[in-house]
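Structure, as structure tokens:
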Amino acid sequence: MPELPEVETVARGLQREIAGQKILSISLGKTDFIDNPDVLERELPGRTIVRVERYGKFMLLRLGPVNASAVNGETALLVHLGMTGALMPRPVSEPHAKHTHVVMALSDGRELRYVDPRRFGRMAYLDGEVLTQELQRFGADPLDVGLPEFERRIQRRKARVKALLLDQRVLRGVGNIYADESLWKARIHPAQLGARLKPAQVRQLYSALQKILQKAILLRGSSISDFVDAGGVPGEYQQHHRVYGREGKPCPRCKTPIRRIVVAGRSSYFCPNCQASPRRKSGRRKKSRRGRGKA
DNA sequence: CTCGATCCCTGGACGC
DNA sequence: TGCGTCCAGGGATCGA
């Protein structure tokens with residue numbers, strides 16, 4: 001499940017591997033994850049991939065102009081890997097993997113292939129004002145954002161802090177794994193409301209999030225199911241997960257069994273001891289659960 | 001503004 | 001071995 005560190009890893013690999021390559025041709029399989037497949041077929045052949053960047057969980061393949069005298073603005077191919085997407089250059093001689101939906105022939109003789117079994121990804125060719133507007137939909141990059149802005153985006157919000165971390169309009173790039181790991185490190189319960197966080201907690205969350213993301217990038221991301229980078233190499237950060245996917249296992253800090261609950265519609269792993277449960281409104285405490293067993 | 005529900009989609013886990 | 005069933009999960013969308 002590619003989040004910021006995994007996408008960063010893939011983007012760096014692609015920058016190294018395919019920057020400067022020209023797209024000679026494109027062929028599409030299933031296209032229901034592509035904004036405008038006909039535009040891709042029309043616009044991409046002949047264009048050069050100038051560089052590859054990460055933007056939140058997107059990769060931006062920045063494209064050169066149609067021709068030397070063209071004055072069209074910035075143009076880019078946006079690629080979101082969704083849950084199971086992979087974008088990597090392969091030799092033509094290698095058979096296409098199952099669920100290969102986009103194949104671009106490159107000028108160095110290889111093919112840039114997009115493979116995505118579940119097709120939760122997204123691909124779009126965007127330019128000019130449309131590109132600008134699309135990018136503006138997203139919040140701050142968690143690695144670049146300063147503490148004051150981070151505080152402003154979290155502190156007086158009524159939503160649960162987990163939902164805020166996952167909301168790409170608040171911060172771009174954080175997903176379920178790194179949200180849970182950061183909340184554990186900062187000792188904050190995922191269901192706590194942003195507005196109820198103490199200033200010190202917001203600072204701890206800010207620091208925890210950046211440290212965890214940076215370390216995860218160094219380790220080339222987390223390989224949970226089958227994530228591999230642009231060269232086919234898995235990441236190693238999954239070996240450093242403290243809570244994610246560890247229901248029932250002891251908290252690395254206090255040995256209390258890790259619990260899993262659903263917050264903001266997502267699995268959330270946390271330590272019920274280290275990450276204090278948000279205080280409920282008075283009048284309805286847990287004692288009213290009498291008789292209602294565990295199933 | 002925030003929430004939950006629903007859908008998208010396939011492979012993997014599980015039960016028999 | 002081969003079914004059927006359940007479920008994960010980022011994001012869009014809709015209704016409350």
Side-chain angles (χ1 to χ4, degrees), chain A residues 1-8 10-11 28-37 54-59 78-87 96-102 114-124 126 133-139 141-142 152-183 190-197 213 216 221-228 234 238 241 243-248 258-270 278 280-281 295:
Chain A
M1 42 197 73
E3 304 180 24
L4 186 152
E6 293 77 32
V7 179
E8 178 72 28
V10 174
L28 303 178
K30 292 189 179 175
T31 59
D32 55 357
F33 63 98
I34 301 176
D35 281 25
N36 33 22
R54 178 187 62 77
Y55 188 88
K57 295 180 195 172
F58 282 90
M59 284 185 291
L78 269 67
V79 181
H80 193 298
L81 300 175
M83 296 289 298
T84 54
L87 184 67
H96 288 184
K98 196 176 177 188
H99 307 297
T100 297
H101 301 303
V102 179
Y114 181 75
V115 183
D116 189 355
R118 295 186 199 176
R119 306 202 301 284
F120 275 18
R122 179 186 168 201
M123 199 174 285
L126 299 176
Q133 283 180 3
E134 179 65 20
L135 298 184
Q136 280 175 348
R137 293 173 51 216
F138 298 95
D141 189 295
R152 189 159 47 74
R153 288 174 175 275
I154 299 287
Q155 202 148 32
R156 33 181 184 270
R157 298 288 303 270
K158 287 188 213 160
R160 299 167 195 276
V161 62
K162 173 76 179 270
L164 292 172
L165 289 174
L166 293 180
D167 188 338
Q168 302 297 297
R169 297 167 300 183
V170 175
L171 294 170
R172 54 171 133 91
V174 181
N176 212 26
I177 295 173
Y178 299 102
D180 280 4
E181 293 295 314
S182 301
L183 289 168
Q192 185 60 272
L193 307 187
R196 292 190 66 94
L197 295 175
L213 291 174
S222 302
S223 290
I224 293 292
S225 48
D226 51 5
F227 168 76
V228 290
Q238 69 280 4
H241 292 175
V243 288
Y244 183 82
R246 301 179 53 81
E247 183 177 18
I258 298 301
R259 286 196 54 204
R260 174 188 169 279
I261 59 175
V262 174
V263 179
R266 302 283 174 243
S267 287
S268 298
Y269 299 90
F270 70 104
R280 299 298 195 85
K281 280 191 217 145

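Proteins come first, then strands; the chains are lettered A, B, ... in the order of their sequence lines, and each starts at number 1.
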For nucleotides 9-16 of chain C, just jot down a letter per nucleotide in 5' to 3' order: B, S or -, based on protein non-hydrogen atoms under 4.0 Å. BBBS----

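- Residues passing the side chain to side chain contact (heavy atoms under 4.5 Å, CB included) test with A:D35, sequence neighbours excluded: A:R122, A:A124.
- For A:F138, the ring-ring contact (aromatic ring centres under 6.0 Å, His included) criterion is met by A:F58, not counting sequence neighbours.
- Partners of A:Y269 by side chain to side chain donor-acceptor pair (under 3.5 Å), not counting sequence neighbours: none found.
- Applying the 4.0 Å criterion to OP1 and OP2 of B:dT10, one finds that A:K30 has a side-chain N or O inside that range.
- Recorded end-axis angle for the helix from B:dT2-C:dA16 to B:dC16-C:dG2 stands at 40°, based on five pairs per end and rounded to 10 degrees.
- Atom CZ of A:F33 and atom C1' of B:dT10 are 14 Å apart (whole Å).
- Counting non-hydrogen atoms under 4.0 angstrom, A:R169 reaches nothing in the nucleic acid.
- Every residue two or more places apart in sequence or in another chain that forms a side chain to side chain contact (heavy atoms under 4.5 Å, CB included) with A:A191 is listed here: A:R160, A:H189, A:V263, A:P278.
- A:E3 pairs by the side chain to side chain donor-acceptor pair (under 3.5 Å) definition with nothing, not counting sequence neighbours.
- For A:Y114, the ring-ring contact (aromatic ring centres under 6.0 Å, His included) test picks out A:F33, with sequence neighbours left out.
- With sequence neighbours excluded, the residues that form a side chain to side chain contact (heavy atoms under 4.5 Å, CB included) with A:A179 are A:K162, A:L165, A:L166, A:V174.
- In this structure, A:H99 does not reach the B:dC9 phosphate: none of its side-chain N or O atoms is under 4.0 Å from OP1 or OP2.
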Steps toward side-chain contact (heavy atoms from CB on, under 4.5 Å) verdict (A:L4, A:V7): CA-CA 5 Å; A:L4 186 152; A:V7 179; 6.0 Å; no

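- OP1 or OP2 of B:dC3 has not a single side-chain nitrogen or oxygen of A:K158 nearer than 4.0 Å.
- Rounded to a whole Å, the CZ atom of A:R160 is 9 Å from the C1' atom of B:dC3.
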